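The structure presented is a predicted model; accordingly, all values stated were derived computationally and were not measured.
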Amino acid sequence: MSENKFYSLIPFLVFIAVFLGCGIALGDFYKLPSPVAICIGIVTAFILFYKTPLQDKVVSLVEGCGDSKIITMCLIYLLAGAFATVTKAIGGVDMMVNIGLSYIPVAYLGVGIFIIASFLSLSIGTSVGTIVALGPIVIGLAEKTGSSMGLLCGSLLGGAMFGDNLSIISDTTITATQTLGCQMKDKFRANFKLALPAAILTIVVLLFMKSNDAGVSLDLDPNHNYWVVIPYILIIVLALSGVQVFVALFIGIVVAGIVGLVQMNYDLFGFANLIYQGFLSMTEIFLLSMLTGGMARMVEKEGGIQWLLTKMKSRMKTPKSAEYGIAALVSGVAVCLANNTVSILVAGNLANDVAKEYKLDRPHVASILDIFACVVQGILPYGAQILILLSFSNGNLDYLDLLKHAYYFGLLFIVTLIYMTFFRKQGQTA
(Lines give C-alpha, C1' and ligand atoms only; values in the text may rest on other atoms or scores of the structure.)
Protein backbone atom coordinates (compact mmCIF):
# COMPACT_ATOMS: atom_id res chain seq x y z
CA MET A 1 0.00 0.00 0.00
CA SER A 2 1.28 3.47 -0.80
CA GLU A 3 1.81 6.20 1.76
CA ASN A 4 -1.29 7.71 3.27
CA LYS A 5 -2.02 10.89 1.36
CA PHE A 6 -4.98 13.19 1.08
CA TYR A 7 -4.94 13.18 -2.72
CA SER A 8 -6.18 9.57 -2.78
CA LEU A 9 -9.54 10.79 -1.44
CA ILE A 10 -10.04 13.10 -4.43
CA PRO A 11 -12.18 10.54 -6.38
CA PHE A 12 -14.72 10.62 -3.55
CA LEU A 13 -14.60 14.41 -3.51
CA VAL A 14 -15.14 14.50 -7.27
CA PHE A 15 -18.16 12.24 -6.92
CA ILE A 16 -19.60 14.49 -4.18
CA ALA A 17 -18.84 17.65 -6.17
CA VAL A 18 -20.45 16.30 -9.35
CA PHE A 19 -23.51 14.96 -7.55
CA LEU A 20 -23.95 18.11 -5.45
CA GLY A 21 -23.02 20.56 -8.20
CA CYS A 22 -25.48 19.14 -10.71
CA GLY A 23 -28.20 19.09 -8.09
CA ILE A 24 -27.70 22.77 -7.27
CA ALA A 25 -27.27 23.87 -10.88
CA LEU A 26 -30.28 21.93 -12.17
CA GLY A 27 -32.46 22.45 -9.09
CA ASP A 28 -32.99 18.71 -8.92
CA PHE A 29 -30.66 16.43 -6.97
CA TYR A 30 -31.98 13.37 -8.81
CA LYS A 31 -31.60 14.73 -12.35
CA LEU A 32 -28.16 13.18 -12.76
CA PRO A 33 -28.29 9.43 -12.01
CA SER A 34 -26.02 8.71 -9.06
CA PRO A 35 -24.33 5.71 -10.75
CA VAL A 36 -23.13 8.08 -13.50
CA ALA A 37 -21.74 10.46 -10.86
CA ILE A 38 -19.86 7.64 -9.16
CA CYS A 39 -18.48 6.55 -12.56
CA ILE A 40 -16.93 10.01 -12.93
CA GLY A 41 -15.26 9.47 -9.57
CA ILE A 42 -13.97 6.07 -10.72
CA VAL A 43 -12.54 7.58 -13.92
CA THR A 44 -10.84 10.20 -11.75
CA ALA A 45 -9.31 7.43 -9.65
CA PHE A 46 -7.94 5.68 -12.75
CA ILE A 47 -6.34 8.94 -13.93
CA LEU A 48 -5.13 10.11 -10.53
CA PHE A 49 -3.55 6.85 -9.46
CA TYR A 50 -1.34 6.82 -12.54
CA LYS A 51 1.60 5.26 -10.68
CA THR A 52 -0.43 2.12 -10.01
CA PRO A 53 -0.44 -0.38 -12.91
CA LEU A 54 -3.70 -0.36 -14.87
CA GLN A 55 -4.27 -4.06 -14.26
CA ASP A 56 -3.96 -3.56 -10.49
CA LYS A 57 -6.51 -0.75 -10.58
CA VAL A 58 -8.95 -2.89 -12.54
CA VAL A 59 -8.48 -5.75 -10.07
CA SER A 60 -9.12 -3.42 -7.11
CA LEU A 61 -12.27 -2.05 -8.77
CA VAL A 62 -13.65 -5.52 -9.49
CA GLU A 63 -12.74 -6.78 -6.01
CA GLY A 64 -14.60 -3.88 -4.44
CA CYS A 65 -17.66 -4.34 -6.66
CA GLY A 66 -17.72 -8.05 -5.88
CA ASP A 67 -17.12 -7.76 -2.14
CA SER A 68 -19.38 -10.20 -0.28
CA LYS A 69 -20.96 -7.41 1.78
CA ILE A 70 -21.73 -5.41 -1.36
CA ILE A 71 -23.25 -8.37 -3.18
CA THR A 72 -25.29 -9.34 -0.11
CA MET A 73 -26.57 -5.77 0.10
CA CYS A 74 -27.51 -5.78 -3.58
CA LEU A 75 -29.42 -9.06 -3.34
CA ILE A 76 -31.38 -7.70 -0.39
CA TYR A 77 -32.19 -4.61 -2.46
CA LEU A 78 -33.66 -6.82 -5.20
CA LEU A 79 -35.88 -8.73 -2.77
CA ALA A 80 -36.94 -5.50 -1.06
CA GLY A 81 -37.92 -4.00 -4.42
CA ALA A 82 -39.93 -7.08 -5.33
CA PHE A 83 -41.77 -7.04 -2.00
CA ALA A 84 -42.63 -3.34 -2.28
CA THR A 85 -43.87 -3.71 -5.86
CA VAL A 86 -46.00 -6.81 -5.27
CA THR A 87 -47.63 -5.48 -2.09
CA LYS A 88 -48.43 -2.18 -3.77
CA ALA A 89 -49.95 -4.00 -6.73
CA ILE A 90 -52.40 -5.91 -4.51
CA GLY A 91 -53.57 -2.60 -3.03
CA GLY A 92 -51.75 -2.79 0.29
CA VAL A 93 -50.65 0.85 0.40
CA ASP A 94 -54.07 2.29 -0.47
CA MET A 95 -55.82 -0.03 1.97
CA MET A 96 -53.54 0.85 4.89
CA VAL A 97 -54.18 4.54 4.31
CA ASN A 98 -57.93 3.96 4.03
CA ILE A 99 -58.08 1.85 7.20
CA GLY A 100 -56.00 4.31 9.18
CA LEU A 101 -57.95 7.41 8.21
CA SER A 102 -61.24 5.63 8.92
CA TYR A 103 -60.47 5.58 12.64
CA ILE A 104 -58.85 8.99 13.07
CA PRO A 105 -60.88 11.94 14.43
CA VAL A 106 -60.36 14.97 12.20
CA ALA A 107 -59.23 17.01 15.21
CA TYR A 108 -56.22 14.70 15.62
CA LEU A 109 -55.20 14.36 12.00
CA GLY A 110 -51.60 15.27 12.86
CA VAL A 111 -51.28 12.31 15.23
CA GLY A 112 -53.08 9.96 12.87
CA ILE A 113 -51.01 10.94 9.84
CA PHE A 114 -47.78 10.47 11.83
CA ILE A 115 -48.85 6.99 12.95
CA ILE A 116 -50.07 5.93 9.49
CA ALA A 117 -46.91 7.23 7.83
CA SER A 118 -44.77 5.48 10.45
CA PHE A 119 -46.44 2.13 9.89
CA LEU A 120 -46.52 2.50 6.12
CA SER A 121 -42.85 3.46 5.84
CA LEU A 122 -41.90 0.68 8.26
CA SER A 123 -43.75 -1.73 5.99
CA ILE A 124 -42.58 -0.56 2.57
CA GLY A 125 -39.12 0.63 3.61
CA THR A 126 -39.03 3.97 1.84
CA SER A 127 -39.72 7.50 3.03
CA VAL A 128 -40.04 8.80 -0.53
CA GLY A 129 -42.57 6.07 -1.39
CA THR A 130 -44.54 6.89 1.75
CA ILE A 131 -44.62 10.58 0.94
CA VAL A 132 -45.59 9.92 -2.68
CA ALA A 133 -48.43 7.67 -1.51
CA LEU A 134 -49.73 9.89 1.27
CA GLY A 135 -48.66 13.37 0.17
CA PRO A 136 -51.61 14.20 -2.11
CA ILE A 137 -54.02 12.80 0.49
CA VAL A 138 -52.48 14.86 3.30
CA ILE A 139 -52.44 18.04 1.20
CA GLY A 140 -56.09 17.44 0.31
CA LEU A 141 -57.02 16.85 3.96
CA ALA A 142 -55.34 20.11 4.99
CA GLU A 143 -57.24 22.05 2.34
CA LYS A 144 -60.55 20.34 3.05
CA THR A 145 -60.46 20.64 6.85
CA GLY A 146 -58.68 23.97 7.14
CA SER A 147 -55.97 22.33 9.23
CA SER A 148 -52.41 23.64 9.23
CA MET A 149 -50.71 22.30 6.13
CA GLY A 150 -47.33 22.67 7.83
CA LEU A 151 -48.55 20.58 10.78
CA LEU A 152 -49.99 17.75 8.68
CA CYS A 153 -47.07 17.65 6.23
CA GLY A 154 -44.55 17.86 9.08
CA SER A 155 -46.27 14.87 10.69
CA LEU A 156 -46.12 12.98 7.39
CA LEU A 157 -42.44 13.80 6.93
CA GLY A 158 -41.53 12.62 10.43
CA GLY A 159 -43.53 9.42 10.17
CA ALA A 160 -42.04 8.64 6.76
CA MET A 161 -38.51 8.91 8.17
CA PHE A 162 -39.41 6.88 11.28
CA GLY A 163 -40.06 3.79 9.21
CA ASP A 164 -37.29 4.47 6.70
CA ASN A 165 -34.84 4.49 9.60
CA LEU A 166 -36.12 1.17 11.01
CA SER A 167 -37.57 -0.99 8.24
CA ILE A 168 -35.68 -4.17 7.40
CA ILE A 169 -36.31 -3.52 3.70
CA SER A 170 -35.14 0.10 3.77
CA ASP A 171 -32.01 0.71 1.68
CA THR A 172 -30.55 2.84 4.50
CA THR A 173 -30.99 0.05 7.05
CA ILE A 174 -29.63 -2.58 4.67
CA THR A 175 -26.62 -0.40 3.87
CA ALA A 176 -25.90 0.43 7.51
CA THR A 177 -26.02 -3.20 8.67
CA GLN A 178 -23.95 -4.53 5.78
CA THR A 179 -21.21 -1.91 6.04
CA LEU A 180 -20.96 -2.44 9.81
CA GLY A 181 -21.22 -6.21 9.54
CA CYS A 182 -24.03 -6.64 12.07
CA GLN A 183 -27.31 -8.53 12.08
CA MET A 184 -30.49 -6.79 10.95
CA LYS A 185 -32.37 -7.88 14.08
CA ASP A 186 -29.67 -6.44 16.34
CA LYS A 187 -29.62 -3.11 14.51
CA PHE A 188 -33.42 -2.98 14.60
CA ARG A 189 -33.47 -3.46 18.36
CA ALA A 190 -30.71 -0.92 18.98
CA ASN A 191 -32.37 1.59 16.66
CA PHE A 192 -35.83 0.96 18.11
CA LYS A 193 -34.62 2.00 21.58
CA LEU A 194 -33.90 5.44 20.17
CA ALA A 195 -36.67 5.84 17.59
CA LEU A 196 -39.56 4.67 19.80
CA PRO A 197 -39.07 7.26 22.60
CA ALA A 198 -38.74 9.98 19.95
CA ALA A 199 -41.92 8.76 18.23
CA ILE A 200 -43.85 8.64 21.53
CA LEU A 201 -42.72 12.17 22.40
CA THR A 202 -43.76 13.31 18.92
CA ILE A 203 -47.23 11.83 19.41
CA VAL A 204 -47.53 13.60 22.77
CA VAL A 205 -46.59 16.91 21.16
CA LEU A 206 -49.01 16.37 18.28
CA LEU A 207 -51.85 15.59 20.71
CA PHE A 208 -51.58 19.19 21.86
CA MET A 209 -51.57 20.45 18.27
CA LYS A 210 -55.21 19.76 17.44
CA SER A 211 -56.41 20.35 13.90
CA ASN A 212 -59.52 22.25 12.95
CA ASP A 213 -62.33 19.67 12.77
CA ALA A 214 -65.03 22.05 11.52
CA GLY A 215 -67.47 19.14 11.44
CA VAL A 216 -65.80 17.75 8.34
CA SER A 217 -66.22 14.09 7.42
CA LEU A 218 -63.76 12.20 5.25
CA ASP A 219 -65.09 10.42 2.17
CA LEU A 220 -63.46 7.01 2.49
CA ASP A 221 -64.23 3.56 1.18
CA PRO A 222 -66.01 1.71 4.03
CA ASN A 223 -64.98 -1.69 2.66
CA HIS A 224 -61.71 -2.73 4.26
CA ASN A 225 -59.76 -5.58 2.70
CA TYR A 226 -57.53 -6.60 5.59
CA TRP A 227 -55.97 -9.47 3.62
CA VAL A 228 -53.74 -7.14 1.61
CA VAL A 229 -52.23 -5.75 4.82
CA ILE A 230 -51.11 -9.18 6.06
CA PRO A 231 -47.73 -9.19 4.19
CA TYR A 232 -46.73 -5.91 5.88
CA ILE A 233 -47.63 -7.15 9.34
CA LEU A 234 -45.94 -10.48 8.66
CA ILE A 235 -42.63 -8.98 7.64
CA ILE A 236 -42.54 -6.76 10.75
CA VAL A 237 -43.26 -9.77 12.96
CA LEU A 238 -40.55 -11.79 11.21
CA ALA A 239 -38.07 -8.95 11.70
CA LEU A 240 -38.86 -8.70 15.40
CA SER A 241 -38.53 -12.48 15.67
CA GLY A 242 -34.99 -12.33 14.31
CA VAL A 243 -35.68 -14.21 11.07
CA GLN A 244 -32.87 -13.80 8.55
CA VAL A 245 -33.65 -10.91 6.21
CA PHE A 246 -33.50 -13.02 3.01
CA VAL A 247 -35.99 -15.48 4.47
CA ALA A 248 -38.28 -12.73 5.79
CA LEU A 249 -38.42 -10.97 2.43
CA PHE A 250 -38.94 -14.20 0.50
CA ILE A 251 -41.83 -15.21 2.76
CA GLY A 252 -43.32 -11.72 2.47
CA ILE A 253 -43.18 -11.85 -1.34
CA VAL A 254 -44.75 -15.31 -1.47
CA VAL A 255 -47.58 -14.36 0.92
CA ALA A 256 -48.28 -11.13 -0.99
CA GLY A 257 -48.30 -13.11 -4.23
CA ILE A 258 -50.76 -15.66 -2.84
CA VAL A 259 -53.08 -12.88 -1.67
CA GLY A 260 -52.98 -11.33 -5.14
CA LEU A 261 -53.53 -14.65 -6.90
CA VAL A 262 -56.49 -15.59 -4.68
CA GLN A 263 -58.11 -12.20 -5.20
CA MET A 264 -57.55 -12.49 -8.96
CA ASN A 265 -55.51 -9.29 -9.19
CA TYR A 266 -53.10 -11.11 -11.52
CA ASP A 267 -52.05 -14.58 -12.65
CA LEU A 268 -48.72 -16.38 -12.17
CA PHE A 269 -47.13 -14.57 -15.10
CA GLY A 270 -48.37 -11.26 -13.74
CA PHE A 271 -46.86 -12.15 -10.37
CA ALA A 272 -43.54 -12.98 -12.03
CA ASN A 273 -43.57 -9.68 -13.93
CA LEU A 274 -44.29 -7.73 -10.75
CA ILE A 275 -41.30 -9.35 -9.07
CA TYR A 276 -39.13 -8.40 -12.04
CA GLN A 277 -40.46 -4.83 -11.97
CA GLY A 278 -39.44 -4.73 -8.32
CA PHE A 279 -35.96 -5.86 -9.27
CA LEU A 280 -35.74 -3.13 -11.91
CA SER A 281 -36.88 -0.48 -9.40
CA MET A 282 -33.68 -1.14 -7.46
CA THR A 283 -31.35 -0.82 -10.47
CA GLU A 284 -29.98 2.59 -9.45
CA ILE A 285 -29.17 1.74 -5.84
CA PHE A 286 -27.88 -1.70 -6.97
CA LEU A 287 -25.39 -0.14 -9.40
CA LEU A 288 -24.49 2.65 -7.01
CA SER A 289 -23.66 0.20 -4.23
CA MET A 290 -21.47 -1.94 -6.47
CA LEU A 291 -19.61 0.98 -8.02
CA THR A 292 -19.16 2.73 -4.67
CA GLY A 293 -17.68 -0.47 -3.27
CA GLY A 294 -15.30 -0.64 -6.23
CA MET A 295 -14.13 2.96 -5.89
CA ALA A 296 -13.79 2.58 -2.13
CA ARG A 297 -11.47 -0.41 -2.65
CA MET A 298 -9.33 1.60 -5.08
CA VAL A 299 -9.10 4.48 -2.61
CA GLU A 300 -8.34 2.06 0.21
CA LYS A 301 -5.48 0.47 -1.77
CA GLU A 302 -4.00 3.94 -2.27
CA GLY A 303 -4.12 4.65 1.47
CA GLY A 304 -6.96 7.17 1.42
CA ILE A 305 -9.19 5.43 3.95
CA GLN A 306 -6.28 4.88 6.32
CA TRP A 307 -5.22 8.53 5.97
CA LEU A 308 -8.69 9.76 6.85
CA LEU A 309 -8.96 7.28 9.70
CA THR A 310 -5.66 8.50 11.10
CA LYS A 311 -6.85 12.10 10.95
CA MET A 312 -10.09 11.20 12.69
CA LYS A 313 -8.24 9.22 15.36
CA SER A 314 -6.18 12.28 16.20
CA ARG A 315 -9.42 13.91 17.34
CA MET A 316 -10.89 10.80 18.94
CA LYS A 317 -9.58 10.15 22.40
CA THR A 318 -12.35 7.89 23.70
CA PRO A 319 -14.98 5.49 22.32
CA LYS A 320 -17.59 8.16 23.03
CA SER A 321 -15.74 10.76 20.96
CA ALA A 322 -15.39 8.14 18.22
CA GLU A 323 -19.18 7.81 18.06
CA TYR A 324 -19.52 11.60 17.88
CA GLY A 325 -16.99 11.57 15.03
CA ILE A 326 -19.00 8.98 13.11
CA ALA A 327 -22.18 11.01 13.62
CA ALA A 328 -20.45 14.18 12.40
CA LEU A 329 -18.94 12.38 9.41
CA VAL A 330 -22.19 10.91 8.07
CA SER A 331 -24.05 14.17 8.78
CA GLY A 332 -21.50 16.19 6.80
CA VAL A 333 -21.65 13.80 3.87
CA ALA A 334 -25.47 13.84 4.00
CA VAL A 335 -25.52 17.64 3.79
CA CYS A 336 -23.33 17.45 0.69
CA LEU A 337 -25.12 14.60 -1.06
CA ALA A 338 -28.77 15.06 0.00
CA ASN A 339 -29.13 11.28 -0.14
CA ASN A 340 -29.11 9.32 3.10
CA THR A 341 -28.35 5.96 1.50
CA VAL A 342 -25.37 7.27 -0.45
CA SER A 343 -24.16 9.08 2.67
CA ILE A 344 -24.15 5.83 4.63
CA LEU A 345 -22.37 4.10 1.76
CA VAL A 346 -19.65 6.75 1.67
CA ALA A 347 -19.19 6.91 5.47
CA GLY A 348 -19.90 3.25 6.23
CA ASN A 349 -16.49 1.69 5.59
CA LEU A 350 -14.72 4.33 7.65
CA ALA A 351 -17.28 3.92 10.44
CA ASN A 352 -16.60 0.18 10.36
CA ASP A 353 -12.86 0.80 10.81
CA VAL A 354 -13.50 3.18 13.69
CA ALA A 355 -15.88 0.69 15.33
CA LYS A 356 -13.24 -2.02 15.06
CA GLU A 357 -10.50 0.24 16.45
CA TYR A 358 -12.50 1.38 19.50
CA LYS A 359 -14.46 -1.87 19.95
CA LEU A 360 -17.76 -0.07 19.55
CA ASP A 361 -21.09 -1.90 19.59
CA ARG A 362 -21.76 -2.42 15.89
CA PRO A 363 -25.58 -2.40 15.93
CA HIS A 364 -25.42 0.86 17.87
CA VAL A 365 -22.96 2.37 15.37
CA ALA A 366 -25.18 1.22 12.49
CA SER A 367 -28.06 3.00 14.21
CA ILE A 368 -26.00 6.18 14.58
CA LEU A 369 -25.16 6.12 10.87
CA ASP A 370 -28.79 5.59 9.88
CA ILE A 371 -30.28 8.06 12.36
CA PHE A 372 -28.00 11.01 11.61
CA ALA A 373 -28.23 10.44 7.85
CA CYS A 374 -32.03 10.35 8.07
CA VAL A 375 -32.30 13.37 10.38
CA VAL A 376 -30.19 15.49 8.01
CA GLN A 377 -32.01 14.15 4.95
CA GLY A 378 -35.37 14.95 6.53
CA ILE A 379 -34.66 18.64 7.05
CA LEU A 380 -32.66 19.52 3.93
CA PRO A 381 -34.60 22.00 1.76
CA TYR A 382 -33.09 20.30 -1.30
CA GLY A 383 -33.76 16.75 -0.10
CA ALA A 384 -36.12 14.62 -2.18
CA GLN A 385 -38.67 14.19 0.61
CA ILE A 386 -39.20 17.91 1.19
CA LEU A 387 -39.03 18.77 -2.50
CA ILE A 388 -41.81 16.26 -3.24
CA LEU A 389 -44.01 17.66 -0.49
CA LEU A 390 -43.45 21.23 -1.66
CA SER A 391 -44.29 20.24 -5.24
CA PHE A 392 -47.53 18.54 -4.13
CA SER A 393 -48.66 21.69 -2.33
CA ASN A 394 -48.51 23.92 -5.43
CA GLY A 395 -46.93 26.75 -3.46
CA ASN A 396 -49.30 26.52 -0.48
CA LEU A 397 -46.68 25.00 1.83
CA ASP A 398 -43.81 27.07 3.21
CA TYR A 399 -40.53 25.26 3.92
CA LEU A 400 -39.99 26.99 7.27
CA ASP A 401 -43.55 26.19 8.35
CA LEU A 402 -42.98 22.56 7.39
CA LEU A 403 -39.68 22.44 9.28
CA LYS A 404 -41.24 24.06 12.34
CA HIS A 405 -43.75 21.23 12.62
CA ALA A 406 -41.35 18.37 11.83
CA TYR A 407 -41.05 17.58 15.54
CA TYR A 408 -39.82 14.02 15.12
CA PHE A 409 -36.41 14.99 13.76
CA GLY A 410 -35.54 17.31 16.62
CA LEU A 411 -36.74 14.83 19.21
CA LEU A 412 -34.88 11.92 17.58
CA PHE A 413 -31.71 14.01 17.48
CA ILE A 414 -32.02 14.93 21.16
CA VAL A 415 -32.87 11.39 22.29
CA THR A 416 -29.93 9.96 20.34
CA LEU A 417 -27.46 12.50 21.72
CA ILE A 418 -28.66 11.83 25.27
CA TYR A 419 -28.25 8.09 24.78
CA MET A 420 -24.79 8.51 23.22
CA THR A 421 -23.69 10.74 26.08
CA PHE A 422 -25.12 8.99 29.11
CA PHE A 423 -26.34 5.48 28.25
CA ARG A 424 -24.10 4.11 25.49
CA LYS A 425 -22.74 0.59 25.77
CA GLN A 426 -19.16 0.46 26.97
CA GLY A 427 -17.96 -1.61 24.02
CA GLN A 428 -17.66 -5.11 22.73
CA THR A 429 -14.90 -7.61 22.31
CA ALA A 430 -15.75 -8.73 18.79
Side-chain angles (χ1 to χ4, degrees), residues 93-167 170 172 191-213 216 218 220 229 232-233 236 370-371 374-375 377-379 383 385-386 388-390 392-393 397 399 401-416:
V93 173
D94 294 336
M95 187 52 57
M96 281 202 297
V97 173
N98 190 66
I99 292 172
L101 291 178
S102 297
Y103 298 102
I104 299 172
V106 176
Y108 296 100
L109 276 177
V111 178
I113 288 170
F114 177 79
I115 293 174
I116 292 173
S118 296
F119 185 78
L120 180 57
S121 58
L122 186 63
S123 302
I124 66 177
T126 165
S127 56
V128 170
T130 300
I131 290 172
V132 168
L134 296 181
I137 298 173
V138 171
I139 297 292
L141 287 173
E143 294 173 344
K144 183 175 181 179
T145 63
S147 303
S148 166
M149 190 168 293
L151 173 63
L152 299 192
C153 290
S155 301
L156 169 58
L157 185 61
M161 277 302 189
F162 170 85
D164 195 342
N165 179 225
L166 281 175
S167 175
S170 167
T172 61
N191 209 151
F192 196 67
K193 293 177 183 177
L194 304 174
L196 181 61
I200 292 173
L201 290 172
T202 301
I203 290 172
V204 171
V205 171
L206 290 173
L207 284 173
F208 289 96
M209 305 292 292
K210 292 179 63 176
S211 303
N212 175 25
D213 55 13
V216 177
L218 303 178
L220 299 170
V229 182
Y232 295 120
I233 299 174
I236 294 173
D370 205 345
I371 286 172
C374 283
V375 166
Q377 177 72 19
I379 63 176
Q385 291 78 1
I386 286 182
I388 292 171
L389 275 175
L390 293 177
F392 281 156
S393 70
L397 176 63
Y399 166 70
D401 189 38
L402 172 64
L403 190 64
K404 181 176 68 175
H405 290 100
Y407 304 111
Y408 177 69
F409 299 106
L411 291 169
L412 179 61
F413 178 76
I414 293 170
V415 168
T416 304

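Atom CG of Leu194 sits about 9.5 Å away from atom CG of Leu166, to the nearest 0.5 Å. Note that CG of Asn165 is 4.5 Å distant from SG of Cys374, once rounded to the nearest 0.5 Å. The CD1 atom of Ile386 sits 6.5 Å away from the CG atom of Leu403 when rounded to the nearest 0.5 Å. Interatomic distance, CD1 of Ile131 versus CE of Met161, reported as 6.5 Å (0.5 Å rounding). A distance of 4.0 Å separates CD1 in Ile200 from CG in Leu196, rounded to the nearest 0.5 Å. The distance from atom CG of Leu109 to atom CG of Leu152, rounded to the nearest 0.5 Å, is 5.5 Å.
Looking at Asp164 and Ser121, their side chains never bring a donor and an acceptor atom within 3.5 Å of each other.
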- request: Quick one: do Met149 and Asp401 satisfy side-chain contact (heavy atoms from CB on, under 4.5 Å)? Show the steps, please.
  value: CA-CA 8 Å; Met149 190 168 293; Asp401 189 38; 5.6 Å; no
message: Leu151 vs Tyr407, test: side-chain contact (heavy atoms from CB on, under 4.5 Å). Steps then yes/no.
response: CA-CA 9 Å; Leu151 173 63; Tyr407 304 111; 4.2 Å; yes
task: Given side-chain contact (heavy atoms from CB on, under 4.5 Å), test Leu201 with Val415 step by step and report yes or no.
output: CA-CA 10 Å; Leu201 290 172; Val415 168; 4.2 Å; yes
- request: Test Ile233 against Phe119 for side-chain contact (heavy atoms from CB on, under 4.5 Å), laying out the working first.
  value: CA-CA 9 Å; Ile233 299 174; Phe119 185 78; 4.0 Å; yes
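Contact detail for Ala406 and Leu157: the closest heavy-atom pair is CB-CD2, 4.4 Å. Nearest heavy-atom pair across Gly150 and His405 is O-CB, 3.3 Å.
By the 30° and 60° cut-offs, the orientation of the rings of Phe114 relative to Phe162 is tilted.
Taking Phe409 as the reference, nothing meets the ring pair (Phe, Tyr, Trp, His ring centres under 6.0 Å) condition, with sequence neighbours excluded.
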